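A, B, ... follow the sequence lines: proteins, then strands. Residue 1 opens every chain. Fair warning: this is a prediction, and the values are worked out from it, not measured in the lab.
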Amino acid sequence: MHYWLMKSEPDEFGIDDLVGARGQTTSWFGVRNYQARNYMREMQLRDRAFFYHSSCPEPGIAGIVEITKLAHPDVSQFDATGNYYDPKATREHPRWFNVDVKLVERTRFVPLAQLRVQPALAGMVILQRGNRLSITPVTAQEWKLIMRLMARRAGAA
DNA sequence: GCCAACGTTGGC
DNA sequence: GCCAACGTTGGC
């Protein structure tokens, strides 16, 4: 069992959208970065991930999801009219893959700023300078600590 | 809106 | 294979 962090822009698809989605499940399509894609291909069923809001007024972790379908070809790469079209991809040789995830829990929101002040999270991938990866691994220790933060009352450091 | 950091593209 | 130019990400 491995842990991950997956970014989404709430303007596009936020935790509210996941809560309201059919089966509280969504296909994580649209990833167009090889490293993030490779991480999705490593994901196993029942791995868990933090659902992270990025590019918004208050970035941070908004929930927990579980991998319910292993990586499979991302259909959006074949749609010539869509934003995620990749002319170099073919059905025989797809380039992009995605997993499906299901909501486990909408958590207390943990802002990025709160993650940054935890000494034990100093090595966390998304906190590293210049990191832009939309999908990153999270260590078991990091996961545990963030779970503890979520259990605290709002506003506590 | 700014800008640092990073990934990708394409000419050579 | 190098690397400059360009586009994107994402926090602030």
Side-chain angles (χ1 to χ4, degrees), chain A residues 2-21 26-43 47-65 67 71-101 103-139 141-143 145-150 152 154-157:
Chain A
H2 288 97
Y3 299 107
W4 309 91
L5 181 143
M6 303 172 82
K7 294 182 189 175
S8 186
E9 302 188 13
D11 283 353
E12 296 295 321
F13 190 89
I15 194 76
D16 291 338
D17 298 297
L18 184 56
V19 168
T26 190
S27 179
W28 207 268
F29 65 88
V31 170
R32 294 293 180 270
N33 170 282
Y34 289 105
Q35 200 176 345
R37 177 202 70 179
N38 293 344
Y39 281 138
M40 276 199 287
R41 299 182 83 167
E42 288 179 28
M43 290 179 180
D47 276 5
R48 292 202 165 187
F50 289 128
F51 188 105
Y52 179 92
H53 283 175
S54 69
S55 293
C56 55
E58 195 176 25
I61 297 172
I64 295 169
V65 298
I67 309 307
H72 51 286
D74 178 340
V75 294
S76 68
Q77 71 195 299
F78 307 124
D79 177 6
T81 66
N83 292 334
Y84 298 107
Y85 180 59
D86 183 343
K88 293 181 182 164
T90 65
R91 301 251 174 204
E92 294 72 32
H93 298 284
R95 261 195 190 191
W96 307 111
F97 294 78
N98 68 270
V99 295
D100 288 5
V101 305
L103 182 71
V104 170
E105 166 184 18
R106 166 194 220 139
T107 63
R108 180 173 86 71
F109 185 76
V110 182
L112 174 60
Q114 196 182 353
L115 299 177
R116 285 203 188 284
V117 299
Q118 307 297 322
L121 296 180
M124 202 176 170
V125 180
I126 60 151
L127 301 183
Q128 305 312 303
R129 182 179 180 78
N131 172 74
R132 305 182 309 178
L133 258 193
S134 65
I135 296 178
T136 54
V138 171
T139 69
Q141 293 89 333
E142 290 161 353
W143 184 272
L145 190 138
I146 294 168
M147 292 299 285
R148 283 209 298 274
L149 294 180
M150 286 169 166
R152 289 190 196 175

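- Nucleotides of DNA chain B that come within less than 4.0 Å of any heavy atom of chain A span, from the 5' end to the 3' end, B/dA4 to B/dT8.
- A/Arg116 comes within 4.0 angstrom of the backbone, heavy atoms only, and of no base.
- Each salt bridge (Lys or Arg N to Asp or Glu O under 4.0 Å) pair with one or both residues in residues 81-91 of chain A, not counting sequence neighbours, appears once here: A/Asp86-A/Arg95.
- Every residue was checked against the side-chain hydrogen bond (donor to acceptor under 3.5 Å, both in side chains) condition with A/Arg37, not counting sequence neighbours, and none meets it.
- Residues satisfying the side-chain hydrogen bond (donor to acceptor under 3.5 Å, both in side chains) test with A/Thr139, not counting sequence neighbours, are A/Glu142.
- Residue pairs meeting the side chain to side chain donor-acceptor pair (under 3.5 Å) criterion with at least one partner in residues 119-137 of chain A, sequence neighbours excluded, do not occur; the list is empty.
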Which side-chain N or O atoms in residues 4-13 of chain A pair as donor and acceptor under 3.5 Å with protein atoms at least two apart or in another chain?
residue	atom	partner	partner atom	Å
A/Trp4	NE1	A/Asp47	OD2	3.0
A/Lys7	NZ	A/Leu133	O	3.2
A/Ser8	OG	A/Phe13	O	2.5

